[in-house]
Amino acid sequence: MSTYVYGITAASHPAPTEGMAGAGAPPRPVRVLRAGNLAAVVSDAPEGLRPKRRDLLAHQNVLSEIGAAGCVLPLRFGSVAPDDDTVLGVLTERAAHYEERLGALDGKVEYNVKAHHVEDAVLHRVMAENSEIRALAEANRQAGGGSYDDKIRLGEMVAAAVKAREAEDAELVVRALEPEAAAVSVGPESTGWLANVSFLVARDTAGRFLACVEPARKDLPHLELRVNGPLPPYSFVEPGPAEPAGTAAGADAGTG
């Protein structure tokens with residue numbers, strides 16, 4: 001039977017509530033494997049595991065309950081090892097790393113921030129900042145809309161200018177929020193978002209971090225900011241004992 005791994009804690013971490021259920025149908029009982037100063041919160045792995053809502057929620061619920069009692073290094077949904085011995089072996093081999101991470105992440109949570117352009121607002125800004133685009137747009141207007149080639153050229157210029165702003169605007173988001181964060185992790189690019197950034201924040205100062213979001217929205221009205229958290233610090237833990245079970249499982253389990 002393969003072993004499903006939810007997260008890694010200190011061996012001294014309080015044990016899960018008796019009867020805690022994990023992923024699977026029926027849900028697999030959650031148990032603990034200990035090796036030295038470390039422990040892994042695991043269950044038997046369900047067969048044919050897929051990122052269904054039921055199992056995603058079960059994964060998150062286990063981490064939430066374990067995390068309420070102390071620091072846990074969360075693994076992404078779908079982390080499966082061949083067996084218990086493999087998990088114990090990895091805990092032993094990477095003990096120094098996991099112990100360092102537990103110390104560094106103790107008392108901290110993750111906030112994920114995504115940003116995308118508000119179309120009308122960013123077009124207005126691009127027009128205001130680029131005299132060449134303004135001139136061509138005005139020439140087209142005076143010519144009754146302009147020729148087909150001129151319309152294409154204007155569209156290409158606007159698209160290029162908007163694209164050029166994406167990296168700059170992503171950096172502005174990071175600058176606005178990182179002063180209240182202990183660490184920053186830039187996530188993979190995703191369709192529709194110009195920024196996908198996770199911030200590691202001390203739980204007891206999360207209010208200060210969130211207080212920075214509204215001024216950022218006011219200062220950057222051409223951006224829509226979406227904040228998700230507090231989350232377990234998924235983006236600040238290196239991959240654990242196994243690879244995700246499927247390509248659809250992973251970041252979405254932690255950053256929604």
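Please read these numbers as outputs of a predicted model, since none were measured by experiment.
The backbone N or O of L88 lies less than 3.5 Å from a partner atom in the side chain of T92, making a donor-acceptor pair. The backbone N or O of I66 lies less than 3.5 Å from a partner atom in the side chain of H13, making a donor-acceptor pair. In terms of modelled atom types and a separation under 3.5 Å, the side chain of N196 and the main chain of G187 share no donor-acceptor contact. Between the side chain of E110 and the backbone N or O of Y234 there is at least one donor-acceptor pair closer than 3.5 Å.
Side chains of N112 and S198: a donor on one and an acceptor on the other come within 3.5 Å. Checking T86 against D83 by side-chain atom types alone, a donor-acceptor pair falls below 3.5 Å. Between the side chains of E65 and T17, at least one donor-acceptor pair of N or O atoms lies under 3.5 Å.
Around CD of E18, the count of heavy atoms belonging to other residues, nucleotides or ligands within 6.0 Å does not exceed 12.
For R153, the salt bridge (Lys or Arg N to Asp or Glu O under 4.0 Å) partners are E132, not counting sequence neighbours. Every residue two or more places apart in sequence or in another chain that forms a salt bridge (Lys or Arg N to Asp or Glu O under 4.0 Å) with D169 is listed here: R165. Residues forming a salt bridge (Lys or Arg N to Asp or Glu O under 4.0 Å) with E171 (at least two apart in sequence, or on another chain): R175.
Using a 4.0 Å cut-off between charged side-chain N and carboxylate O, R28 and D55 make no salt bridge.
Within the 6.0 Å centre-distance limit, the rings of Y4 and Y6 are counted as a close aromatic pair.
Taking the ring axis of Y98 as reference, the NZ or CZ atom of R101 does not stay both within 45° of it and closer than 6.0 Å to the ring centre.
A40 and V5 get closest at one heavy-atom pair: CB-CG1, 4.4 Å.
Between L231 and Y111, the closest side-chain pair of non-hydrogen atoms is not below 4.5 Å.
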